[in-house]
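Here is how names work: the chains are called A, B, and so on, in the same order as the sequence lines, proteins then strands, and each is numbered from 1.
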Protein chains: 4
Amino acid sequence: MIAMTMDSPLTESPTVAPGRGRPRDPEADENILSAARTLLAKNGFEAMSFEAIAQMTGVTRPTIYRRWPTKAHLANEIANGNGRDIPDVVETEGLRAQILAFLAQLMHQYERPEMGAANAGLIVSYQRNPELRDELHTPLESKARADLAKILRKARSRGLIRPAVDPDALFDIAVGAVVFRTMFSSLPRSETVVEDICDIVLNGID
Amino acid sequence: MIAMTMDSPLTESPTVAPGRGRPRDPEADENILSAARTLLAKNGFEAMSFEAIAQMTGVTRPTIYRRWPTKAHLANEIANGNGRDIPDVVETEGLRAQILAFLAQLMHQYERPEMGAANAGLIVSYQRNPELRDELHTPLESKARADLAKILRKARSRGLIRPAVDPDALFDIAVGAVVFRTMFSSLPRSETVVEDICDIVLNGID
Amino acid sequence: MIAMTMDSPLTESPTVAPGRGRPRDPEADENILSAARTLLAKNGFEAMSFEAIAQMTGVTRPTIYRRWPTKAHLANEIANGNGRDIPDVVETEGLRAQILAFLAQLMHQYERPEMGAANAGLIVSYQRNPELRDELHTPLESKARADLAKILRKARSRGLIRPAVDPDALFDIAVGAVVFRTMFSSLPRSETVVEDICDIVLNGID
Amino acid sequence: MIAMTMDSPLTESPTVAPGRGRPRDPEADENILSAARTLLAKNGFEAMSFEAIAQMTGVTRPTIYRRWPTKAHLANEIANGNGRDIPDVVETEGLRAQILAFLAQLMHQYERPEMGAANAGLIVSYQRNPELRDELHTPLESKARADLAKILRKARSRGLIRPAVDPDALFDIAVGAVVFRTMFSSLPRSETVVEDICDIVLNGID
DNA sequence: GCCTAATCGAGACGGTACGTCGAGTCTTGTC
DNA sequence: GACAAGACTCGACGTACCGTCTCGATTAGGC
């Protein structure tokens, strides 16, 4: 989640040593992911059962388990598997434009209903199985926080932001606002959310 | 969730017409809630099965269903059933103190592990069953947003805050930051989170 | 079941000492029996749940239990509670006419679908709860067998039947044939069943 | 039920297409049937719950449902699943010997307590679910009645029995007597029941 | 005209079982 | 090896009855 710059090579989702036996059907991967996305978007994490995916795709359950050992792994693939197509925030000109771009990119990601569904399910899964958090979530979050901290250091050195600003707090605010609005809130996404949030983040309320 | 002032009398959770019929065992209510809280806190929403609660309390499953027709209803009771013990933000002196109090109160609520577990489960449940959101969540959120808007109007009229500040955006930021940090993030709650967030909210980063 | 002459006074189904408290609603008795008969006839013993009866009659379950402590008792009431309206076989003239009347009367009773339903349920109940058999069934069967034995003794003394005929075997044959045909068999009741059976009973197949 | 000659190959109870998929555990079949028989014999149809069978065998309920979709199907397997070990009545010499053998074979089957329990439960199930009767019972009964009719035709052509004898009535009498005596009656099976019944069937009472 | 007692409705309670679904895993035979 | 097929255990789901209970409100005697 919350991937920012995303220039890491990203392991091909269900990595396999290309060894001896019959090779995996590459179509299956995409079919499974597609079905999972559909189910997530339609009725959320609980509806994305391996059983349902299997029936939708004509694939059997073991075929799915061979690729993703857990619903959480599959959900994680959908939530954080791609990345890439995101504009590199760092290159954007101007502080406000950077923040806006960052928020917009986040909002763009989290607006997809399967994103919220996958992430809500992931949180539940992490509670049940804390080591999953360490495996799937923590590295991504750490990297994203570090990326933001780096950007902020640079901005601070240029005098663009107040030195007191805590990078983690900013991260919580920015990501939290978007995540909360898209996943939790009943309020529809207004046209100006991103700008409104950006305004407060930049100028405060005072 | 996100209850702010909380001066309504709050219906006794599983409301029943009194008089007719054998009265419900009031101990059962508390035992069930207590077991549910324990399970939520320990292993999250999935672990809070009616089955497990029944075994822990010695109560049978139908007895639980009689009170809460759904895991979501029970989780909602735990997340939002109480309220009350929360200081009325409006009375606090000074803008910064008000914001701080608001955030601290939120943080206090969401720090309880059963709170995050319940809310994550609720989000998943809402995805599966959208009408649950309307029943359980939307009214509370509307009220909380309205409460905040009222406070902001007053503050604005006193010139304490910039007129441009969007109440909903502020709500997303404040609640989102806390919710994100407690439910989603792997980062532990630092001593100064609340202050750090408050600082940005008040002064912006610029 | 299998009641033959039926001149015993038959206890009023749910006998109560007419003592102090509020008297039982006499309408309830009939409503319950009527509902039970309907359910039995329609979907058999399993469908005759106290719950369903209660809903049909507007009576509560405890009200039924006050009168019949068990489904078996209620079913027994329906199967064997009335009696009476049956012509006394003994008075009929001629051996063949007597046998015919006996079989016809049995057939008449067992043709009612609630009869078969009640009796099938009773058998199952007796298996679960053998003492119920002693309480509800055995006395009636003993009396019926004794009645038949008496008739046979008389007939034998008049030289109407062969001395070797075993009364119990005759009972098994006559009652069994009717019970089997009505309760167990898929074959519809033909016009001449009773005559056909009677013919074999009288003359044998040889 | 009431199977007579039984020379059909008898499908392996829970027929499955062989080959594909993990094969069923053949031990499970036998364990389930054995447990079911025990429960039936001990406390009748109601005691033969899938739950109890599951606990006795260590198998889970779905495993039983996979084989027998209904208590009725399982009971039917126990009542009518085997067959075979029954002497072919047709080959027996002499009319009386044939009838005796037929009755004795029936009595032998129905004496097993699980037989009565299964059949009583089946009757109740058929009432609840009439199409079950068509599926499980009617074919067997039709065949048995046809078999008997054939035997009678042959015997009649040899002048062994009176032409007037109705095959269905004889079937009702013979099977009914045995079924009634074993399932319904409180009278214990006497040494001579079969002979006594046979005597009446052959010679009548007159 | 109270007292006592049984009934009534309502509805909860501990049980037991139902039939189903999903999670992961395992076992075949085929590709 | 992967794959389709389909079994397996385990755990939970939500529902239905069972027979019993606790209430408050009737509705009768008996004193």
Side-chain angles (χ1 to χ4, degrees), chain A residues 16-25 28 46-54 58-72, chain B residues 14 16-26 28 46-55 57-67 69-71, chain C residues 16-25 28 46-54 58-67 69-71, chain D residues 16-26 28 46-55 58-67 69-71:
Chain A
V16 197
R20 301 275 265 264
R22 169 172 173 178
R24 287 208 183 140
D25 180 354
E46 288 182 353
M48 188 200 74
S49 68
F50 277 32
E51 178 62 32
I53 298 174
V59 144
T60 54
R61 257 173 313 136
T63 297
I64 314 179
Y65 280 107
R66 223 168 278 125
R67 291 161 166 78
W68 297 276
T70 289
K71 275 184 77 168
Chain B
V16 194
R20 321 291 285 180
R22 173 173 175 177
R24 288 209 183 134
D25 181 353
E46 286 182 355
M48 189 199 73
S49 66
F50 278 30
E51 178 63 31
I53 297 174
Q55 284 180 2
T57 56
V59 144
T60 53
R61 252 175 312 142
T63 295
I64 312 179
Y65 281 108
R66 221 168 279 128
R67 291 163 166 76
T70 289
K71 279 183 73 168
Chain C
V16 196
R20 300 276 268 265
R22 170 173 175 176
R24 288 208 182 137
D25 181 354
E46 287 181 354
M48 189 199 74
S49 68
F50 277 31
E51 179 61 33
I53 297 173
V59 144
T60 54
R61 255 173 314 134
T63 297
I64 314 180
Y65 280 109
R66 225 168 275 127
R67 291 161 166 78
T70 289
K71 276 183 77 169
Chain D
V16 194
R20 319 292 283 180
R22 173 172 174 177
R24 289 208 182 134
D25 181 353
E46 287 182 354
M48 188 199 74
S49 67
F50 278 30
E51 176 64 32
I53 297 174
Q55 284 180 2
V59 144
T60 53
R61 253 173 313 142
T63 295
I64 312 180
Y65 282 109
R66 219 169 282 127
R67 292 163 165 76
T70 289
K71 278 183 75 169

S.K.: With rounding to the nearest 0.5 angstrom, report the CG to CZ distance, A:Asp25 to A:Arg67.
M.R.: 6.5 Å
S.K.: With the sugar-phosphate defined as primed atoms, P, OP1 and OP2, and the base as all remaining atoms, what B/S/- string results for nucleotides 16-22 of chain E, 5' to 3', for protein heavy atoms under 4.0 Å?
M.R.: -BBBBBS
S.K.: Reading DNA chain F from 5' onward, which residue's closest nucleotide shows up sooner: D:Val59 or A:Gly58?
M.R.: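 First, find each residue's nearest nucleotide; the 5'-ward one identifies A:Gly58.
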S.K.: Hey, what do you get for CZ (C:Phe50) to OG1 (C:Thr70), rounding to the nearest 0.5 Å?
M.R.: 7.0 Å
S.K.: Grab the two heavy atoms, one from B:Ala47 and one from B:Ala52, that are nearest each other, plus how far apart they are.
M.R.: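 It is O-CB, 4.0 Å.
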S.K.: Please state how far atom CD1 in B:Ile64 lies from atom P in E:dC13, giving the value in whole angstrom units.
M.R.: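 It is 11 Å, rounded to the nearest whole Å.
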S.K.: Ignoring backbone atoms, establish whether D:Arg66 has a side-chain N or O less than 4.0 Å from OP1 or OP2 of F:dC8.
M.R.: yes
S.K.: For E:dA6, does either OP1 or OP2 sit under 4.0 Å from a side-chain N or O belonging to C:Arg67?
M.R.: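 No, outside the criterion.
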S.K.: Mapping B:Pro23 and C:Asp25 onto DNA chain E by nearest heavy atom, which one lands closer to the 5' end?
M.R.: C:Asp25
S.K.: Quick one: list whatever passes salt bridge (Lys or Arg N to Asp or Glu O under 4.0 Å) with A:Arg61, sequence neighbours left out.
M.R.: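 Applying salt bridge (Lys or Arg N to Asp or Glu O under 4.0 Å) to A:Arg61 gives A:Glu51.
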S.K.: Could you tell me which residues satisfy side chain to side chain contact (heavy atoms under 4.5 Å, CB included) with B:Pro62, sequence neighbours excluded, listed by chain and number?
M.R.: B:Thr60, B:Arg66
S.K.: side-chain contact (heavy atoms from CB on, under 4.5 Å) between B:Val59 and B:Ile64: does it pass, once the steps are laid out?
M.R.: CA-CA 8 Å; B:Val59 144; B:Ile64 312 179; 3.8 Å; yes
S.K.: Side-chain N or O of B:Arg24 less than 4.0 angstrom from OP1 or OP2 on F:dC21?
M.R.: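 False: B:Arg24 side-chain N/O out of range (4.0 Å or more) of F:dC21 OP1/OP2.
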S.K.: Under 4.0 Å: is that the gap between some side-chain N or O of B:Thr63 and OP1 or OP2 of E:dA12?
M.R.: no
S.K.: Do the side-chain N or O atoms of B:Arg22 get closer than 4.0 angstrom to the phosphate oxygens (OP1, OP2) of E:dA10?
M.R.: no
